[in-house]
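Taking it in order: structure first as structure tokens, then the write-up.
The structure displayed is predicted, hence computed values, not measured ones.
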Amino acid sequence: MKQTAAEIIREYGPFTGADRVHGVTFDGENVWFASGDKLHAFDPASGRTVRSIDVAAHAGTAFDGRHLFQIAEDRIQKIDPDSGRVLATIPAPGGGGDSGLTWAEGTLWVGQYRDRKIHQVDPDTGAILRTIESNRFVTGVTWIDGELWHGSWEGEESDLRRLDPQTGEVLERLEMPPGVAVSGLESDGGDQFFCGGGSSGKVRAVRRPRRGATAGSR
């Protein structure tokens, strides 16, 4: 297993009106994050907040190319980002113990925090299609180039970890600095991850390791 220190490229926030950061997603232009009773969007180039939506937003956030998906207590809401209207809801697989959320392969992937699981879920019905086990608390979840990554936050330690999507084996870990939490995770589709910072109210950009690059290990 590769194990390296996470390279934090940039920090955003804290943001006005957002005491905490829960889920994080990226729509190709703006970063969205959940703060409890709102969804906020900011421009990652300038760091400037560009809009917000009044909607329950307690955990993971995802974007499918057209709609936002947001965990709110024990359900997942499908939201029109233009109007802010909730179009549909499905049950969340953890019944309120859910954490990260991402979109991949036409489905939703939902982290269960204390159960240390990631579920692939039908976005129309909420039916669980597949479950992947982790060995740490699961916060954010993301897929990029066929790689499954999840954030972990347990005690005073947080990291980003790449799992074998078939076995759940940890293939790689990016260790966050002491005291720096990961409460949400999303890839920008390229060379960086956006990580929610929990009660710090910040979002951090972390460099994604290049495949084929020589990575140090300890």
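- Here the side chains of F194 and P44 are in contact, with some heavy-atom distance below 4.5 Å.
- Nearest heavy-atom pair across L160 and F193 is CD1-CD1, 3.8 Å.
- Judged by distance alone, the side chain of W143 and the main-chain N or O of W149 form no donor-acceptor pair under 3.5 Å.
- Side-chain contact between R204 and V180 is present, with heavy atoms from C-beta onward closer than 4.5 Å.
- The side-chain heavy atoms of V21 and S35, taken from C-beta on, include no pair separated by under 4.5 Å.
- No single ILVMFWY cluster, assembled from side-chain heavy atoms under 4.5 Å apart, contains both F63 and L185.
- Looking only at side-chain heavy atoms (C-beta outward), L163 and I118 come within less than 4.5 Å of each other.
- When all heavy atoms of A18 and H40 are compared, the pair lying nearest together is CB-NE2, 3.8 Å.
- A salt bridge is absent between R66 and D82; no separation between the charged side-chain nitrogens and carboxylate oxygens falls under 4.0 Å.
- With respect to the salt-bridge test (charged N to carboxylate O, under 4.0 angstrom), the residues R161 and E175 do not qualify.
- Checked by atom type and distance alone, the side chain of T139 pairs as donor or acceptor with a backbone atom of V182 at under 3.5 Å.
- A donor-acceptor pair under 3.5 Å is absent between the side-chain atoms of D115 and the main chain of K117, judged by distance alone.
- No salt bridge links E172 with K2; every basic N to acidic carboxylate O contact stays at or beyond 4.0 Å.
- Within the 4.5 Å cutoff, the side chain of R136 has heavy atoms near those of the E154 side chain.
- Two residues are said to be in side-chain contact when any heavy atoms from C-beta on lie closer than 4.5 Å; V110 and V141 fail this criterion.
- Under the 4.5 Å side-chain contact rule for hydrophobic residues, L148 and V138 share a cluster.
- No side-chain donor-acceptor contact under 3.5 Å links H119 to the backbone of T131.
- Neither side chain, R48 nor N30, offers a donor N or O lying under 3.5 Å from an acceptor on the other.
- In this structure, W103 and F69 have parallel ring planes: the angle between them is below the 30° cut-off, well short of the 60° mark.
- In this structure a side-chain-to-backbone donor-acceptor pair under 3.5 Å is missing from S52 to K38.
- Of the N and O atoms on the side chains of Q192 and R208, not one donor lies less than 3.5 Å from an acceptor on the other residue.
- Residues R116 and E133 have side chains not in contact (no heavy-atom distance under 4.5 Å, counting atoms from C-beta outward).
- Judged by distance alone, with hydrogens and angles left aside, the side-chain atoms of Q77 form no donor-acceptor pair with the main-chain N or O of L87 at under 3.5 Å.
- Connection of L108 to I71 is established within a shared hydrophobic cluster, with ILVMFWY side chains joined at heavy-atom distances below 4.5 Å, either directly or through further cluster members.
- Using modelled atom types, no side-chain atom of R210 and backbone atom of D191 make a donor-acceptor pair closer than 3.5 Å.
- Residues P93 and Q120 are not in side-chain contact: their nearest non-hydrogen atoms beyond the backbone lie 4.5 Å or more apart.
- In this structure, W153 has no ring-ring contact (aromatic ring centres under 6.0 Å, His included) partners at least two apart in sequence or on a different chain.
- Panel note: side chain S158, backbone M176; no donor-acceptor pair is recorded below 3.5 Å.
- Under 4.0 Å is where a charged nitrogen must lie from a carboxylate oxygen, and between R85 and D80 no such pair does.
- The aromatic rings of F33 and F15 sit tilted relative to each other, their planes meeting at an angle between 30° and 60°.
- S99 places a side-chain N or O within 3.5 Å of a backbone atom of G111 that can act as its donor or acceptor partner.
- For the residue pair H58 and G36, the shortest heavy atom distance occurs at CD2-O, 3.2 Å.
- Judged purely by atom type and a 3.5 angstrom limit, T167 uses its side chain to pair as donor or acceptor with the backbone of E169.
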